[in-house]
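Single-structure report; data block below.
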Amino acid sequence: MSTDQQWDIVTGVGLTALAVAAGRAAESARPDALMTDPYASRLVAAARPAAPFPFSSGDGETEPLDDELWASTAEYVGLRSRVFDDYFRSTGEDGITQAVILASGLDTRPYRLDWPSGTVCFELDQPAVLQFKAATLKEEGARPGCDHRPVPVDLRDDWGAVLQTAGLDVSRPTAWLAEGLLPYLPPAAENRLFREISRLSAPGSRFAVERMDDIARLAADPLLRDRSGELGIDVASLFPEGEREPVEAQLERLGWELENRSVPETAAALGRPQPGLQTLTEHITHTFGRLP
Ligand SMILES: C[S@@+](CC[C@H](N)C(=O)[O-])C[C@H]1O[C@@H](n2cnc3c(N)ncnc32)[C@H](O)[C@@H]1O
């Protein structure tokens, strides 16, 4: 299997989903947790990564995050997960009962959030990632709290048609999420992603997206660059090169009204210090769009 084309949960980009799940497991174990994912540690243990990840031994204990890369990852992931959990709470309160989670990885929102009755929740990711998650959660006896529809796709391909075949109702507003996805898409696929989301969105739809305006900075960060190899992640190779048009400009042109929140602002609002890896997290923005 070429990990450029397809990957599972312990190869290529899939390993980043495992790292994020380990971050959610760490946040969930905190006495002051901002969010709780009861399945995160189980998913990490079941994946059996070649390199030891926190929680991968599967003994159910909270393993110490005495490592700078892991501690920083967990701090940021806890914050980010809470931000986008709150986003779906707010779209539900506003009566939106159709959600699409792009590159859902090992996140378990269909199972762990309280969805308004009648909510349909689509999760898009690579086939092997979705299969692993479904099989592990089934073993755990987990049940989704919504009409959950996994949609195996490559987001560089024509995923919109597959999503419509899976039942997306384009006459109803949708709440979209792209969390931890954009750096892995080539610029042309990112551009197509935004156009496709806009084409499939009824008025009143919402979109939340995590963006980093300088992806080269992420690839060059010394901590990530020097340490991620130990985990089997070749960070630089995961980020396709090429000129990217700013996300805000792309979305505004497609008619979205935008609001931005920086990570330091969010950390302050939630009573947390600015997460580690500051050179990166200072440059990450959570953008929230609304289609009039
Ligand atoms: C950093 S993880 C984030 C996962 C999830 N959003 C979370 O926060 O836990 C990146 C995810 O993007 C997915 N991904 C990246 N490129 C993709 C593509 N071209 N098609 C489908 N999924 C993709 C990976 O499989 C992985 O699950």
Side-chain angles (χ1 to χ4, degrees), residues 1-28 34-35 37 39-41 43-44 47 49 53 55 73-74 76-85 87-88 99-113 121-134 136-137 150-160 162-163 176-193 196 208-212 215 218-219 224 228 231-235 237-240 277 280 284 286:
M1 180 175 72
S2 156
T3 53
D4 282 351
Q5 295 310 315
Q6 278 203 328
W7 49 85
D8 57 25
I9 203 60
V10 289
T11 51
V13 190
L15 269 169
T16 67
L18 199 62
V20 178
R24 272 192 297 271
E27 180 66 34
S28 303
L34 295 173
M35 51 73 61
D37 183 341
Y39 308 108
S41 58
L43 286 159
V44 180
F53 278 41
F55 302 95
T73 304
Y76 175 59
V77 166
L79 206 70
R80 167 177 110 175
S81 298
R82 167 63 181 272
V83 165
F84 295 126
D85 285 3
Y87 160 72
F88 279 124
V100 179
I101 306 180
L102 301 156
S104 55
L106 297 186
D107 176 68
T108 60
R109 289 192 178 96
Y111 298 80
R112 64 183 177 80
L113 295 189
C121 182
F122 300 88
E123 286 195 299
L124 279 60
D125 208 298
Q126 288 273 351
V129 173
L130 293 178
Q131 275 157 19
F132 167 78
K133 179 162 68 173
T136 310
L137 293 178
V151 185
V153 284
D154 189 317
L155 290 162
R156 295 165 294 190
D157 297 340
D158 182 12
W159 56 269
V162 185
L163 180 57
W176 301 87
L177 173 64
E179 173 190 33
L181 168 64
L182 298 187
Y184 307 110
L185 291 180
E190 176 187 294
N191 198 265
R192 257 199 325 276
L193 184 97
E196 204 54 357
V209 55
E210 180 200 40
R211 65 184 175 86
M212 294 159 211
I215 290 169
L218 185 61
L224 272 187
S228 61
L231 306 173
I233 304 176
D234 177 3
V235 172
S237 76
L238 297 181
F239 304 138
L277 279 174
L280 297 181
I284 295 177
H286 300 143

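Nothing here was measured: the structure is a model prediction, and the numbers come from that model. In listed order, ligands and their atoms are each counted from 1. Here, residue 1 is the first one in the sequence, and each next residue gets the next number.
Within the 4.0 Å heavy-atom cutoff, Phe84 does not count among the residues contacting ligand 1. Residue Asp157 places every heavy atom at 4.0 Å or more from ligand 1. Taking 4.0 Å as the cut-off, Ser104 counts as a neighbour of ligand 1 on heavy-atom distance.
Taking atom 20 (N) of ligand 1 as the reference point, the nearest protein heavy-atom neighbour is Leu155 N, 2.8 Å. At the top of the distance list for atom 8 (O) of ligand 1, counting protein heavy atoms only, stands Arg80 NH2, 2.8 Å. Distance from atom 1 (C) of ligand 1 to its nearest protein heavy atom, with residue and atom name: Thr16 OG1, 3.2 Å. Nearest to atom 10 (C) of ligand 1 among the protein's heavy atoms is Gly180 O, 3.2 Å. For atom 14 (N) of ligand 1, the closest non-hydrogen atom of the protein is Trp7 CZ2, 3.7 Å.
With a 4.0 Å cut-off on non-hydrogen atoms, Asp154 touches ligand 1 through its backbone as well as its side chain. By the criterion of a heavy-atom distance under 4.0 Å, neither the backbone nor the side chain of Val77 is placed next to ligand 1.
Applying the 4.0 Å criterion to heavy atoms of Arg156 picks out, from ligand 1, the atoms 19 (N). Every atom of ligand 1 with a heavy atom of Arg24 under 4.0 Å away is listed here by number and element: 7 (C), 8 (O), 9 (O). Of all atoms in ligand 1, numbered sequentially from 1 with element shown, those under 4.0 Å from a heavy atom of Val153 are 20 (N), 21 (C). Taking a cut-off of under 4.0 Å to the non-hydrogen atoms of Val20, the atoms of ligand 1 that pass are 1 (C), 7 (C), 8 (O), 9 (O).
Here the shortest heavy-atom pairing between Leu224 and Ser228 reads O-OG, 2.6 Å. The two atoms that bring Leu43 and Lys133 nearest to each other are CD2-CA, 4.2 Å, heavy atoms only. Nearest approach of Phe55 to Ser41, heavy atoms of both residues: CD2-CB, 3.8 Å. Between Ser81 and Met35, the closest heavy-atom pair is CB-CG, 3.7 Å. Here the closest non-hydrogen pair linking Ile284 and His286 is CG2-NE2, 4.2 Å. Between Leu102 and Ala178, the shortest heavy-atom distance links the atoms CD1-CB, 4.2 Å.
Of the N or O atoms in Tyr184, none lie within a sub-3.5 Å distance of an N or O in ligand 1. Looking at Ala103 next to ligand 1, an N or O pair under 3.5 Å apart turns up.
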Show me the donor-acceptor pairs, under 3.5 Å and distance only, between side chains in residues 179-188 and residues at least two apart or in other chains.
residue : atom : partner : partner atom : Å
Glu179  : OE1  : Arg109  : NH1          : 3.0
Glu179  : OE2  : Arg80   : NE           : 3.3
Glu179  : OE2  : Arg109  : NH2          : 3.4

Show me, pair by pair, the donor-acceptor contacts under 3.5 angstrom made by side chains of residues 15-26, not counting sequence neighbours?
residue : atom : partner : partner atom : Å
Thr16   : OG1  : Val13   : O            : 2.5
Arg24   : NE   : Asp37   : OD2          : 3.4

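Note that CG of Leu155 and CD of Gln126 are 8.0 Å apart. Values are rounded to the nearest 0.5 Å. Annotation: the span from Tyr39 atom OH to Leu106 atom CG amounts to 14.0 Å, rounded to 0.5 Å.
Proximity annotation for atom 25 (O) of ligand 1: of Val129, Asp125, Leu238, Leu193, Asp125 comes nearest, heavy atoms only.
Within the 4.5 Å cutoff, the side chain of Pro240 has no heavy atoms near those of the Ile215 side chain.
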